[in-house]
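Below: one structure, written as C-alpha cells.
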Amino acid sequence: MSAIPVNDSAWAKLVKSNIFIEFIDTTLRGCSQVMFQSNPLTGLLFFVAIFIGAYTEGIPAVAFGCLLGTAISTFVAYVSIDDRKSLRAGLFGYNGCLLGAALPTFLATSPVMWACLVLGAIVTVIATISLADFLKNWKVAALTAPFVLTTWVILLASYSFSGVMGAHLPAPALPHEFVPTVNSVFDSISMLDAMFNGVSQVFLFSSIIGGIIFLIGLAVESIWAAVFGLVGTLLALLTSVVLFADPGSINIGLYSFSAVLTAIALGSTFNKPSWKVFIYTIVGVIFTVFVQGALDTTLAPLGIPTLTMPFVLTSWLFLVPNKDIVPEHRK
Amino acid sequence: MSAIPVNDSAWAKLVKSNIFIEFIDTTLRGCSQVMFQSNPLTGLLFFVAIFIGAYTEGIPAVAFGCLLGTAISTFVAYVSIDDRKSLRAGLFGYNGCLLGAALPTFLATSPVMWACLVLGAIVTVIATISLADFLKNWKVAALTAPFVLTTWVILLASYSFSGVMGAHLPAPALPHEFVPTVNSVFDSISMLDAMFNGVSQVFLFSSIIGGIIFLIGLAVESIWAAVFGLVGTLLALLTSVVLFADPGSINIGLYSFSAVLTAIALGSTFNKPSWKVFIYTIVGVIFTVFVQGALDTTLAPLGIPTLTMPFVLTSWLFLVPNKDIVPEHRK
Amino acid sequence: MSAIPVNDSAWAKLVKSNIFIEFIDTTLRGCSQVMFQSNPLTGLLFFVAIFIGAYTEGIPAVAFGCLLGTAISTFVAYVSIDDRKSLRAGLFGYNGCLLGAALPTFLATSPVMWACLVLGAIVTVIATISLADFLKNWKVAALTAPFVLTTWVILLASYSFSGVMGAHLPAPALPHEFVPTVNSVFDSISMLDAMFNGVSQVFLFSSIIGGIIFLIGLAVESIWAAVFGLVGTLLALLTSVVLFADPGSINIGLYSFSAVLTAIALGSTFNKPSWKVFIYTIVGVIFTVFVQGALDTTLAPLGIPTLTMPFVLTSWLFLVPNKDIVPEHRK
C-alpha cells in the first residue's frame, strides 16, 4: 500500500498502458525490495540516495552499476520467469541491484568488470530461484543470499584472474585481536555519522543524507519499517560501542547495516509488530552484531567483505523457529 | 529408565510437588543430555565431575558458567516453549550447558564475557528450534550443533571486539604438516590419561577422575552408553596413535572426545545395539578421528577450536542413511 | 543404450551367468559414471586412459588406487545396499573411483595411505546414501560431492597426522592477486593441450591421448555427452583466457575439468538438448570457471585442491530451478 494513492493511481494507469513503463516500475520496485518494500516511489528515492552517495564518494560507476544490475536482473526475469506476481513485486531485481553496486565498489572499473556485472546479474536470478526452492520447506525467504553468494564468487575469483582486478578489497590476512589505539572508543564515535551511515551502508556507501533519504523511502511505504530501521542502526551502534569495536568501522556504519536489515525483517516484514516480537527482534539485532564481528574474522584470510551475510544468517536462524517462540511470524 | 527406581520415585514426587524442584530436575537432565541421557542423577554426577575438573585446573568460572548456561537455557525454554516433553527431557539445556563451559574456557573472565554467556545461552535455544526444524526432513537430531555454532560466533567475534578478550584461543596460523619431535609417538602416550581425558574433554577439560565419574553417570542411566563411551575413547586413541598424531593432544583427550559422542550416538542412542550396528559404529568412530584432524586444519587460520563439531558432522553423515545400511537406526 | 549392441548382448549373457563377471561389469560402469554414463565399455576405455596417464606421469599408484577404490565401493554397496538398480548402474562406484585416484595423487604412498583409501572408499558409499537422502527434496543428484567431501577430510587430516604425508598438496598460503609474468597470456597457451588435458583432468592427470580416449568412451554411450564435453572444455579455455588466468594452469586443464562435467550434466544428462538448454548450459559453464577461480582462492589458506567441487556447486545451483527457466530439466 502506498501512502500517496493519487500519484500511485495515475502511475498505475501508465504502468498498465505501456510495457516499458511497467518495466521501469518493476525495476524501481526491485530496488525498493533491498529493504523489503515493493513501491516504485521508494525505489526512486533509493536510487536518488545511491546517486548522491556515489557522486559524493567520487565513484559514479557504483550508481550506474546498481541501476544496470537491477535492470538486467529484472529483464532476465521478464524473459524467463512465469511467476508474474513475484516478478512485478521486484523480487527478482534486488539481488542484481546490490551486486551491481558491489562489483564497482570493490573491483577496478574495466570492460571485463562490466561483463562480470552482467553475468553476475543473470546468475542472481538463477540463484534466487534455486535458493527459494531450497528454502521453501522452512518457509523462509532467500533474502539477500543470492546477491552475497554470487558477489563472493566473483570477488574471490578476482584473485585468480588478472583480468579482474580488485581495487578496494581488504588484503587477505590472518585475524588478530583488535586493540584500540585510542584511550576511549567513546570519544571517537560520531553518533550522527554512525547512525545514518549504518542505513546507507546497506548499499555499500557512507552518507548521512543518503541514510536519511533511505529512511524517508521506507516511511513512504511502511512507517514500521522506518522505525525498525532506525531502532536497528541505533541498537547496533550501542552494542558495538559496548563491545569496544573499531571506532572507524562503527562510524562508517559497518556494524549497523546488517542489523538494520535484521530489524526490519524480524520486526516488521515477517512478523506482526508486538511486544513479544519487539523483544525477539532486539535479541536478533544484538546477535547480528556478533555475527558481523565473527564473519569479519572468518573472511579476513580470504580478503573479501561480509556484505549482508550477517543479516542473512541471523534472520534465517531467527525466522525458522515457528510459533513456539513467535506467533504469526510467517506471512 | 533409571537404575535406581526408589530414589527416582521419591525425587519424582518432589518434582511434581514444586515447580522450583522441577526446574532443578530439568536443569540436571539438561546437563545429562550432553551425553544423550535424561536422568537428574546422571546430570548431578556430571556437574560434580565438572566442578572437580574446573577447580583442579584452577578455572572455577568454567563450572559456574556451565551451571549458569544450563539454567538460563532451561529458563528461556520454560517461558517460550510449548513442547513440554522435550523441555522436561532436558533437550533445551545441554547446548547452553556446553556454551557455558566453553566461553570461560577460551575467553578472559569479565562482565562482558558473562553478558555474552547469557546472550549465547538464549541464542542456543533459538538455534535448537531452528536446527531441529531444519533437520526434521532427515529425521536426525540437532545434536550439539547449536552449541558449536553459537560458541563459534562469539569466539570469532572476540577477535573483532576489544571488549571480549580471547584468553586460551589458539593463535590463528596457516596449517602445516605435523612433524613429531620425539622418535616414537608411542613412548609419549599415557594410555590411562588419554582414555579418561578423552571422556572428560567432552566438557572441555582433562581429568582422569572426571572421566571416570562421567562414565559412572552414564552407567547410572544406560550401561550400553557407558560401554560405547569407553569403546569410543579407546578406539579413537588407537586410531590417532596409528596415524601418528601429536602425542600431547592425544594425552589430553583431544582426539577422543568427539569419538566418544559418536560412539554413544551411533552405538546406543540412535541405533539398537547389534553386530551390524557395532561394525558401523567402529567405522564412524575411526572416521570421526579423521574429521577431527581435518577440522583442526580448517580452523587453524581462524584461531578457534573445533569443539564437538567432528562428532556432529560424522554423526549426521552416518545417521541420515536409512535402513539400506543400518536397520532401525531411528528412534 | 550402448552403440554396440552385439558385444553388449554377448557380454550381457556372461554378466547374467556369473556373479564375478557381474561385479566386474558393475565396477566398470562405476568408472563410467564419473562422466554420467552407465556402460562397461565406456568404463573400460576410461580405465585404459587412466592407466596410460598414470604410467606416463610415472605414478602407477594412481591407476591402481582408482581401480581399487571403484572395486571397494562397489563391493561395499553389494553387501549393504538393497537398491539393486542404482547399484548395477554403477552409482555407488564412481565416488570411490575418484577418491582412489585422488589420494595417491596428493599423498605419499604408504601402507597408511592405502588404509585411508580403503576407509575413504567405504565412507563414500555412506556419504552417497546420506547426500542422496539430503538432496532428494530438490530432485538433484549427489554428483561427485561424496568424493570431494571424503577426500577433503582425508587431505586436510594429513596436516594433523605425521602418519599420512602430503606429497603434492599445494602449500597453505594466503591468497594474492595473480600477476602474469609474461607479456601476453595468449602466447603461452597451447590450445590442443589445454583442450584435451581439460578432459583428462577430471581424473586428475594431464594427457592429450587420455583426453581423447575419454571422449571416445563418452561417444560410445552418448554422442551428446561427448559433444557437450568438448564444448565445455573449449568454452572454459576461452573464458579463462579472456579472464587472464595463469597460463600454466590453463594448459594442464585446471580451469576446464569442472566445466566439462557441468557441460555434460546441464547439457545432456539432466536436460534434453535444445537451444534454450544450450544457452543455459553456456552460462553454467562460464560461471563454473568463476567458481573454480573462487574456490582456488578459498582453499589457498588450507592447502587442498578444489577437486570437482566447482562443478558440483554450479550444477546444484543450475539444476535446482524448475521449469520456470528450463523445461524438462529433470529426468
Side-chain angles (χ1 to χ4, degrees), chain A residues 76-77 79-83 86-87 92 107-108 110-113 115-116 118-120 122-138 146 149-167 169 171-174 298-304, chain C residues 135 137-140 172-182 185 239-247 249-250 254-255 276 279-280 282-284 286-302 306 310 313-327:
Chain A
V76 170
V79 299
S80 63
I81 306 288
D82 286 335
D83 177 2
S86 300
L87 166 63
F92 293 101
L107 299 178
S110 75
V112 176
M113 188 282 283
C116 289
V118 172
L119 175 71
I122 295 169
V123 172
T124 59
V125 178
I126 297 167
T128 298
I129 302 169
S130 258
L131 274 165
D133 194 54
F134 180 79
L135 295 166
K136 70 171 187 282
N137 282 320
W138 303 283
L149 297 176
T150 311
T151 306
W152 274 356
V153 166
I154 295 170
L155 295 183
L156 285 166
S158 78
Y159 287 97
S160 298
F161 303 133
S162 56
V164 190
M165 296 293 290
L169 287 170
L174 291 173
T298 307
L299 298 179
L302 301 178
I304 55 166
Chain C
L135 295 165
N137 283 319
W138 301 283
K139 297 195 177 72
V140 290
L174 291 173
H176 52 92
E177 181 81 35
F178 166 68
V179 182
T181 50
V182 290
V185 169
T239 307
S240 55
V241 168
V242 168
L243 294 171
F244 276 70
D246 173 26
S249 301
I250 295 176
L254 289 177
Y255 281 106
K276 215 169 174 182
I279 293 166
Y280 195 65
I282 282 176
V283 177
I286 294 173
F287 196 65
T288 302
V289 177
F290 278 88
V291 176
Q292 178 69 54
L295 260 186
D296 284 337
T297 303
T298 307
L299 298 179
L302 301 178
T306 66
L313 296 178
T314 311
S315 293
W316 281 343
L317 184 69
F318 278 67
L319 286 172
V320 168
N322 59 14
K323 57 189 154 35
D324 281 353
I325 285 194
V326 177

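All heavy atoms count here, side chains included; hydrogens, waters and symmetry mates do not. Letters go in sequence order (proteins before strands), and every chain restarts at 1.
Put simply, the side chain of C:Leu317 reaches to within 4.5 Å of the side chain of A:Val123, judged on heavy atoms.
Among A:Val164, A:Ile304, A:Leu299, the residue with the largest count of heavy-atom pairs under 4.5 Å with chain C is A:Val164. The most heavy-atom pairs under 4.5 Å with chain A, out of C:Val283, C:Leu295, C:Thr298, come from C:Thr298. Ranked by heavy-atom pairs under 4.5 Å with chain C, the list A:Ala115, A:Ser158, A:Ala132, A:Cys116 is led by A:Ser158.
Atom CZ of C:Phe287 and atom OG1 of A:Thr150 lie 5.0 Å apart (nearest 0.5 Å). Note: C:Ile286 CD1 to A:Leu119 CG = 6.5 Å, rounded to the nearest 0.5 Å. Once rounded to the nearest 0.5 Å, the distance linking CZ of A:Phe161 with CG of C:Asp296 reads 7.5 Å. Taking CD1 from A:Ile126 and CZ from C:Phe318, the interatomic distance works out to 4.0 Å, rounded to the nearest 0.5 Å. Taking OG from A:Ser160 and CG from C:Leu243, the interatomic distance works out to 10.0 Å, rounded to the nearest 0.5 Å. For the atom pair OH (C:Tyr280) and CD1 (A:Ile122), the distance works out to 11.5 Å, reported to the nearest 0.5 Å.
Interface remark: A:Val112 contributes side-chain atoms only to the contact with chain C (heavy atom separation under 4.5 Å). Looking at C:Pro301, only its side chain comes within 4.5 Å of chain A, counting heavy atoms on both sides. Residue contact with chain C, scored on non-hydrogen atoms closer than 4.5 Å, involves the backbone and the side chain of A:Leu302 alike. For A:Val153, the parts sitting under 4.5 Å from any heavy atom of chain C are the backbone and the side chain alike.
For A:Gly163 against C:Phe244, the heavy-atom pair with the smallest separation is N-CB, 3.5 Å.
Ring planes of A:Trp138 and C:Trp138: tilted class, angle from 30 to 60°.
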